[in-house]
Each structure stands twice: as structure tokens, then as C-alpha cells.
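All remarks here apply to the structure that follows.
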Amino acid sequence: MSGDIVVIAEHRDGAILDPTYELLGRARSLAAASGGEAIAVLLGSGVAGLAGSLGAAARVIVVDGPGLASFSPTAYQAALVPLVREREPALVLIANSGSGMDVAAGLSAALDLPLAAYAIDLTIDAGGPLATCQLYAGKIQAKVRFAGGRGIVTAVAGSFPAEAGMGPGSPVIETVAPAATDDRIRFVDLLRPEAGDVDITRESVLVSVGRGIGEQENIELVEALAAALGGAVSSSRPIADLGWLPRTRQGGKSGLKVKPRVYLALGISGAPEHLEGMRGAELIIAVNSDARAPIFSVAHYGVVADLLDVVPALTARVGG
Amino acid sequence: MDYVVLLKQVPDLAEELEIDADGTGLDREWLSFVASEWDEYALEEALLLRDQGHGGTVTCLALGVETGDVDELLATCLARGADRVIKVGSFEAPPDSHTAAAAFADALAHVHYDLILTGVQAIDDLDGQVGPLLATRLDLPHVSVVTHIALAHHHTTVTVHQEYAGGIVAEFEATLPAVLGVQTSRETPRYAPVSRIRQLMKTATIEAMAGGGGAGSGLVIEAMAIPETGSTAEMISGNPQAIAERIAAILSERGIGTAVAR
Ligand SMILES: Cc1cc2nc3c(=O)[nH]c(=O)nc-3n(C[C@H](O)[C@H](O)[C@H](O)COP(=O)(O)OP(=O)(O)OC[C@H]3O[C@@H](n4cnc5c(N)ncnc54)[C@H](O)[C@@H]3O)c2cc1C
């Protein structure tokens with residue numbers, strides 16, 4: 001086993017995605033502790049040019065092949081399994097993204113390497129790597145180690161600063177062909193969201209509603225509050241899934257990333273996937289009937305109450 | 001087309017969670033359990049696919065875990081329209097995902113399937129998601145975070161959407177058999193009356209199969225803790241009017257709202 005820390009790079013539209021930089025920044029400090037290199041692995045077709053954007057790595061392994069032109073779970077897994085087996089890194093870091101979830105668990109099973117999922121922190125001390133993982137929608141944190149001292153970690157986006165992984169540098173660049181291919185899953189198309197009636201990424205006040213709203217009729221209450229505050233209504237994922245608000249109003253991991261001046265979180269538990277999209281808001285005020293709701297860990301102001309009592313009172317107060 | 005759905009129960013987050021005496025697990029004594037939300041979406045999608053002209057059977061598998069009520073979980077599947085339900089292995093406590101995947105793989109050696117669906121994740125899968133772990137064991141292709149499942153009329157491929165940040169979606173075509181980690185269903189999971197579930201728990205056949213050679217997660221849990229919530233937030237209390245007054249004041253300090261003292 002080496003002390004190397006491997007980061008699987010994610011890219012789209014010719015750019016490296018932020019979660020990769022977050023991981024790369026952390027990989028640098030981990031590699032210093034483990035006595036290895038921070039290695040970025042970049043899979044694609046004709047992507048050698050992107051390696052230059054991974055200057056924070058000591059080494060970039062470009063796995064280039066026509067079958068890797070777009071992400072495919074099977075093609076990535078087939079290419080990565082022999083590579084990780086051969087290099088024996090101490091850690092493989094993967095973003096807990098749509099594609100990352102596929103890659104990480106697939107590698108874990110194929111290589112018999114343990115996987116620590118939903119990590120929000122990762123360090124190396126005398127006992128080896130130590131990951132802090134979020135469980136139960138953020139209500140519990142577990143500190144875990146790997147029995148054999150090495151493993152795979154998927155990290156929640158936003159857990160580490162991206163800047164630390166963005167530095168310039170002149171990594172060693174190795175280009176290899178994928179050792180194996182698997183086309184049982186074929187990329188067809190990339191679909192982009194249609195613009196909504198409101199662009200929640202541009203609003204300075206967001207009144208955001210979650211499943212705690214209870215019933216569709218109650219959406220009116222938050223619409224009224226948003227109007228009184230001169231803001232817009234946004235939501236957690238289940239509200240969009242239920243069709244109570246358009247998908248374009250959804251904040252979070254599979255929705256939009258918002259940074260308003262004020263974010264009112266009403267009846268939103270604060271699952272990691274939601275926090276990922278809104279924790280950067282300047283001011284977060286959360287109303288939730290559960291005092292232990294994880295949303296209170298990112299809120300600046302918290303109210304433990306029934307939102308159906310607070311919202312009308314607030315609307316009357318600011319708009320009356 | 002034969003569909004297999006893998007389901008489990010997880011602790012109900014509406015109830016308070018406590019850490020056990022060891023400090024490395026949940027105190028299970030007072031926990032109440034509910035079906036894992038994403039597994040319910042997986043079942044709904046399987047039922048919809050079967051009923052929308054593709055035919056075939058829906059078989060539901062759950063591990064025989066002593067905590068919670070796996071019989072109720074499987075009876076609910078039948079009440080919703082599953083054709084067959086199977087309890088796999090026997091576990092004192094909910095096992096890790098690697099062990100669960102191994103157990104399901106054992107059982108699936110005896111069940112015919114074209115498409116395996118399960119929840120994209122569960123709130124307790126510390127060592128990863130069962131879908132890709134199982135798929136890799138069975139040497140099947142897998143896609144996670146899936147919506148919009150559509151079967152080709154010749155039933156040899158399926159197209160799905162995989163969701164990324166910012167509402168971007170990739171469309172994939174997968175060769176069957178395959179494993180899908182379902183993110184959401186087209187329709188809200190159908191309702192099954194409690195009386196029907198109770199009746200099925202008495203009368204229905206819940207098959208049993210062996211499974212689970214103790215794969216283990218390879219993780220060592222050093223400590224579990226309930227994170228401090230609200231330690232950084234300033235908490236506002238009082239009646240709704242007093243709360244509204246305080247929030248209005250905080251907002252008006254930032255020039256937001258038409259809040260003016262009246
Ligand atoms: C791959 C993936 C991507 C995801 N992407 C996203 C995403 O982009 N955005 C997103 O939001 N989620 C996303 N999720 C889902 C996420 O895991 C959670 O399920 C979701 O955020 C929960 O939404 P919620 O807080 O509205 O509902 P819940 O978790 O059910 O919380 C409801 C809250 O309301 C409170 N409540 C109930 N009644 C009241 C009342 N009367 N007054 C006040 N409070 C009340 C409860 O205490 C609870 O805390 C994703 C999940 C996956 C697996």
C-alpha cells in the first residue's frame with residue numbers, strides 16, 4: 001500500500017466541478033500526513049487539456065478513451081477498478097454526487113475496499129484515516145476508521161474549502177488508456193433544466209418551504225409572506241416532487257445552489273442534500289417544530305414552533 | 001418482465017434518536033421504524049412499470065431483521081400490489097449495506113429478475129448504498145439517483161435519468177438485467193389501508209430464504225454522536241406575535257420587509 005490519496009475528478013462541459021477541488025484541497029493535506037502524493041484521476045475522451053486545471057495535485061492520471069467521452073457508471077467502474085488495484089492508494093476520495101455514489105459503492109464492492117459514505121470531515125492521525133460521516137439525515141454523526149487502514153470516502157459537497165484545491169502547480173501528468181471497458185450503460189444525452197418563472201439564484205430573499213408545510217393549500221401562506229417581504233418562494237425537494245411548487249424552485253444537491261441575503265427555512269429538516277444548496281446564505285432563519293432538526297446547526301436564528309402559527313403572524317407584521 | 005424491489009425499514013426521524021451505552025450505535029430499545037422513503041419510491045416505480053403494459057411480476061425482498069417489523073413492511077408491499085414477498089436471512093439488528101448486499105445476492109440466485117430497483121440511499125447506509133454494492137456482486141450494471149424509468153418495448157434495455165447538481169440530468173440506456181437506485185417515483189407511493197395490511201399479515205404467504213454470509217463493512221465505528229444543533233443559532237421564543245416581532249426586527253435591520261414600528 002502507498003500513502004497516496006486519489007481523487008476521482010468530476011467534470012462537465014469542459015470544466016472541473018467544485019466538489020473535485022474541495023476533495024483535492026483536502027487530499028493535499030492528507031497526503032502530507034500519509035507521506036504520499038495527492039493524485040487526481042481524470043477520466044474522459046480528449047481531456048488532457050483539463051489536467052492543467054488540476055494544478056493542486058502532485059500527479060494527474062488521465063484515463064483517456066472513446067468509451068469515457070461521457071460519464072457512464074459501468075465505463076468508469078471498468079476503468080477504475082484495475083487502476084486502483086494496481087496503485088493501492090491509502091484513500092480514494094469521491095464526491096457524493098449522482099455519479100460519485102455509483103462509482104464509490106461500485107469500487108468498494110469490486111475491490112473489497114471499505115467505503116465511508118456521507119463524510120463531512122476526514123483526517124489522518126496515528127490510527128490512520130478518520131472520517132466523520134453524517135447519518136440519519138444529519139441527526140447523527142459517526143466517526144469511523146477502516147479496518148485495514150485504507151478505503152474509499154464519499155464526501156458531502158461543501159465539506160472542505162474549494163480554494164485549497166485550486167492552486168496552480170505543475171503536476172506530473174500520466175496518460176493511460178482504460179485497462180477495461182464496459183458499455184452496458186450508455187450515455188444518451190445531457191438534459192438541462194428549463195428556466196423557471198423565477199430564478200431563485202438571483203433572489204435576495206427566499207422564503208423556503210419544506211414538508212413541514214403539511215398540505216398544498218398552505219403554500220398560499222408562504223406565497224403571501226414572500227410577497228410581503230419582496231422575496232420569492234423556494235422549496236426542499238419533496239415539495240417539488242409532490243408538484244406543489246415547480247422544480248425550478250428547489251434548492252439543494254439536485255436542485256439549485258442559492259446564496260440569498262436572507263433564507264427563511266420553514267418546516268425544512270435540514271438534510272445534508274438540502275444544506276448543500278443553501279448553507280452559503282448570508283442570514284438563515286429556521287422555523288421547525290423539532291428542536292433537534294439539523295437545520296438549526298446552520299441557522300443564525302432558530303424558532304422551535306409550528307410554522308402555521310409563525311408564518312401568518314409574520315406576514316401580518318411585515319405586510320399588514 | 002420480472003421486477004425485484006429491495007426494501008428496508010429505518011428509524012422514524014420524527015422520534016428522538018439516542019446513542020447506546022457503547023457510544024457507537026443507536027439505542028434501539030425505543031426506536032420506531034418506518035419504510036425507507038426511497039425504497040417506497042422504488043416499489044411504486046416497479047408497480048407502475050408492471051401495470052403500464054409491460055406485465056410481469058413484482059417481487060419484494062427485505063432482510064429478516066428483528067428490530068422493527070419486516071412482516072408489516074412486506075405485507076404493505078402485497079397490499080400495494082406486489083406479487084410475491086420474501087424475507088431474506090435473519091439478523092438481530094439491521095446489518096451494514098455490504099452484508100445486506102451479500103444477503104440479497106444469495107437470495108437472488110433463486111429468483112428470476114430483469115430489473116432490480118431499490119432506494120437510491122437510506123438514512124443509515126454508512127458504508128454505501130445497497131444498489132451498486134449488490135449490482136457489482138452480481139456483475140450487473142447499475143445507475144444511482146434515477147428518475148424517469150422507461151422500458152424499451154423489446155424489454156432488453158431501460159432508459160433512465162440520473163440527476164446532478166443544478167437540475168442537470170443525464171439520460172442513460174442500460175442493458176438488462178440492471179440495478180437502479182431510485183430517487184423518486186412518477187406518482188406518490190400508493191396508499192394501502194391499514195386494515196388490509198393487518199389482514200395480509202395474518203393470511204399472506206411471506207416466503208423465507210437464507211442469505212448473508214457476514215460480508216461486513218470493513219468499517220470500525222469509533223463513536224457516534226448527536227451533533228449540537230442550535231449551538232450557533234440564536235433561538236427565538238415566545239408566542240407567534242412575539243416571534244414575528246423579533247424576526248421582523250432582524251429583517252428590518254437589513255432593510256428587508258416593510259417592517260416599521262407601528
Ligand atoms: C441524491 C439525492 C439528492 C437530493 N437532493 C435534494 C435537493 O436538491 N434538495 C432537497 O431539499 N432535498 C434533496 N434530497 C432529499 C433530502 O435527502 C431530504 O429527503 C429532503 O431535503 C427533506 O425535505 P424536508 O426537509 O422538506 O422534509 P423532512 O425531512 O420530512 O422535514 C420536514 C420538517 O418539518 C418539520 N415540521 C413538521 N411539521 C411542522 C410544522 N407544523 N411547523 C414547523 N416545522 C414542522 C419537521 O420537524 C421536519 O424537520 C436529495 C436526496 C438524494 C438522495
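Each chain gets a letter, A, B and so on, in the order its sequence line appears, and its residues count up from 1.
Nearest heavy atoms, A:Pro272 versus A:Gly138: CD-N, 3.9 Å. Considering all non-hydrogen atoms of both residues, B:Ser97 and B:Gly128 come closest at OG-O, 2.6 Å. Across all non-hydrogen atoms, the minimal contact from B:Leu17 to A:Lys139 is CD1-CB, 4.0 Å. In plain terms, the two heavy atoms of B:Tyr41 and B:Pro189 that are nearest each other are CD2-CG, 3.7 Å. Of all non-hydrogen atoms in A:Ala313 and B:Pro240, the two that sit nearest each other are CB-O, 3.7 Å. For the pair B:Ala105 and B:Leu134, the tightest heavy-atom approach, listed with the atom from each and the gap, is N-CD1, 3.5 Å.
With a threshold of 4.5 angstrom between heavy atoms, B:Glu187 does not approach chain A through any atom at all. For B:Ile226, the parts lying under 4.5 angstrom from a heavy atom of chain A are both the backbone and the side chain. Only the side chain of A:Val205 has a heavy atom closer than 4.5 Å to any heavy atom of chain B. Of the two parts of A:Ser99, the backbone and the side chain both hold a non-hydrogen atom closer than 4.5 Å to a non-hydrogen atom of chain B. Only the side chain of B:Thr157 comes within contact range of chain A, with at least one heavy atom under 4.5 Å from a heavy atom of that chain. Using a 4.5 Å cut-off between heavy atoms, B:Ala135 makes no contact with chain A at all. Looking at B:Asp125, the atoms closer than 4.5 Å to chain A (heavy atoms on both sides) sit in the backbone and in the side chain alike. Residue A:Leu17 does not touch chain B at all, counting heavy-atom pairs closer than 4.5 Å. With a 4.5 Å cut-off on non-hydrogen atoms, B:Ala122 touches chain A through its backbone but not through its side chain. A:Ala104 does not touch chain B: none of its heavy atoms, backbone or side chain, sits under 4.5 Å away. Interface remark: A:Leu242 contributes side-chain atoms only to the contact with chain B (heavy atom separation under 4.5 Å). For chain A, no part of B:Arg186 is nearby; none of its heavy atoms comes within less than 4.5 Å. Of the atoms belonging to A:Glu194, not a single heavy atom falls under 4.5 Å from chain B. Heavy atoms of A:Leu135 lying under 4.5 Å from chain B belong to its backbone as well as its side chain. The contact between B:Ile19 and chain A is made entirely by side chain atoms (from C-beta outward), counting heavy-atom distances below 4.5 Å. Heavy-atom distances place both the backbone and the side chain of B:Asp139 under 4.5 Å from chain A. For B:His142, the parts lying under 4.5 angstrom from a heavy atom of chain A are both the backbone and the side chain. When heavy atoms are compared at a cutoff of 4.5 Å, B:Val220 approaches chain A by way of both its backbone and its side chain. For B:Ser217, the part sitting under 4.5 Å from any heavy atom of chain A is the backbone (N, CA, C, O) and nothing else. Proximity to chain A is limited to the side chain of B:Gln162, based on heavy atoms less than 4.5 angstrom apart. Looking at A:Tyr118, only its side chain comes within 4.5 Å of chain B, counting heavy atoms on both sides. In this structure, the portion of B:Leu26 lying under 4.5 Å from any heavy atom of chain A is its side chain and not its backbone.
Here the side chains of B:Leu115 and B:Val179 are not in contact, with every heavy-atom distance at 4.5 Å or above. Annotation: side chain of A:Leu130 is in contact with side chain of A:Asp125 (closest heavy-atom distance under 4.5 Å). Side-chain contact between A:Val144 and B:Leu126: present, with at least one pair of heavy atoms (C-beta onward) separated by less than 4.5 Å. Residues A:Tyr301 and B:Ile247 fail the side-chain proximity criterion, which asks for heavy atoms closer than 4.5 Å. Considering only heavy atoms from C-beta on, A:Ile295 comes within 4.5 Å of A:Leu275 through its side chain.
Residue with the most contacts toward chain A among B:Glu173, B:Met224, B:Glu16: B:Glu173 (heavy-atom pairs, distance under 4.5 Å). Contact tally against chain A (heavy-atom pairs below 4.5 Å) for B:Leu140, B:Thr188, B:Val130: the top residue is B:Leu140. Ranking A:Arg12, A:Lys257, A:Arg247 against chain B, the residue ahead of the rest is A:Arg12, based on heavy-atom pairs under 4.5 Å. Annotation: maximal heavy-atom pairing with chain B below 4.5 Å, among A:Arg261, A:Lys253, A:Arg292, occurs at A:Arg292. When A:Cys133, A:Ala137, A:Ser97 are compared by the number of non-hydrogen pairs under 4.5 Å with chain B, A:Ala137 comes out ahead. No other option in A:Arg192, A:Arg211, A:Gln134 has as many heavy-atom pairs under 4.5 Å with chain B as A:Arg211. Looking only at heavy-atom pairs under 4.5 Å with chain B, the residue among A:Leu107, A:Leu113, A:Ile140, A:Thr74 that has the most is A:Ile140. The candidate with the highest count of non-hydrogen atom pairs below 4.5 Å against chain B, out of A:Ser289, A:Gly277, A:Ala142, A:Pro19, is A:Ala142. When B:Arg137, B:His98, B:Gln121, B:Gln241 are compared by the number of non-hydrogen pairs under 4.5 Å with chain A, B:Gln121 comes out ahead. With chain A as the partner, the residue from B:Pro141, B:Gly216, B:Ala174 showing the most heavy-atom pairs under 4.5 Å is B:Pro141.
In this structure, CZ in B:Arg254 is found 12.5 Å from OG in A:Ser204, a value given to the nearest 0.5 Å. Separating the CG atom in A:Asn288 from the CG atom in A:Leu307 is a distance of 8.5 Å, to the nearest 0.5 Å.
B:Lys8 pairs with exactly one of B:Asp124, B:Asp39, B:Asp96 by the salt bridge (Lys or Arg N to Asp or Glu O under 4.0 Å) rule, that one being B:Asp124.
Ion pairing of A:Arg317 with B:Glu245 is present here, as a side-chain N (NZ or NE/NH1/NH2) and a carboxylate O approach within less than 4.0 Å. Here B:Arg246 pairs with B:Glu234 in a salt bridge; the nearest charged N to carboxylate O distance falls below 4.0 Å.
Residues from residues 31-38 of chain B that place a non-hydrogen atom less than 4.5 Å from a non-hydrogen atom of chain A comprise B:Glu37, given in numerical order.
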May I have the step-by-step check of side chain to side chain contact (heavy atoms under 4.5 Å, CB included) for B:Leu6 and B:Val4, ending in yes or no? CA-CA 7 Å; B:Leu6 313 176; B:Val4 162; 3.8 Å; yes

Before giving the answer on side-chain hydrogen bond (donor to acceptor under 3.5 Å, both in side chains), spell out for A:Gln77 and B:Thr136 the whole-Å C-alpha distance, their side-chain angles and the decisive distance to 0.1 Å. CA-CA 10 Å; A:Gln77 188 164 324; B:Thr136 304; 3.1 Å; yes

Are A:Ile94 and A:Val153 close enough, and set up right, to give a side chain to side chain contact (heavy atoms under 4.5 Å, CB included), and what steps lead you there? CA-CA 6 Å; A:Ile94 301 174; A:Val153 178; over 6 Å; no

Show the numbers, then the answer: is there a side chain to side chain contact (heavy atoms under 4.5 Å, CB included) between B:Leu176 and B:Met1? CA-CA 10 Å; B:Leu176 297 178; B:Met1 277 296 296; 4.0 Å; yes

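In B:His148, the NE2 atom is not crowded: 12 or fewer heavy atoms of neighbouring residues, nucleotides or ligands sit closer than 6.0 Å.
A:Arg186 forms no cation-pi arrangement with B:Phe172, by the criterion of a distance under 6.0 Å to the ring centre and an angle within 45° of the ring axis.
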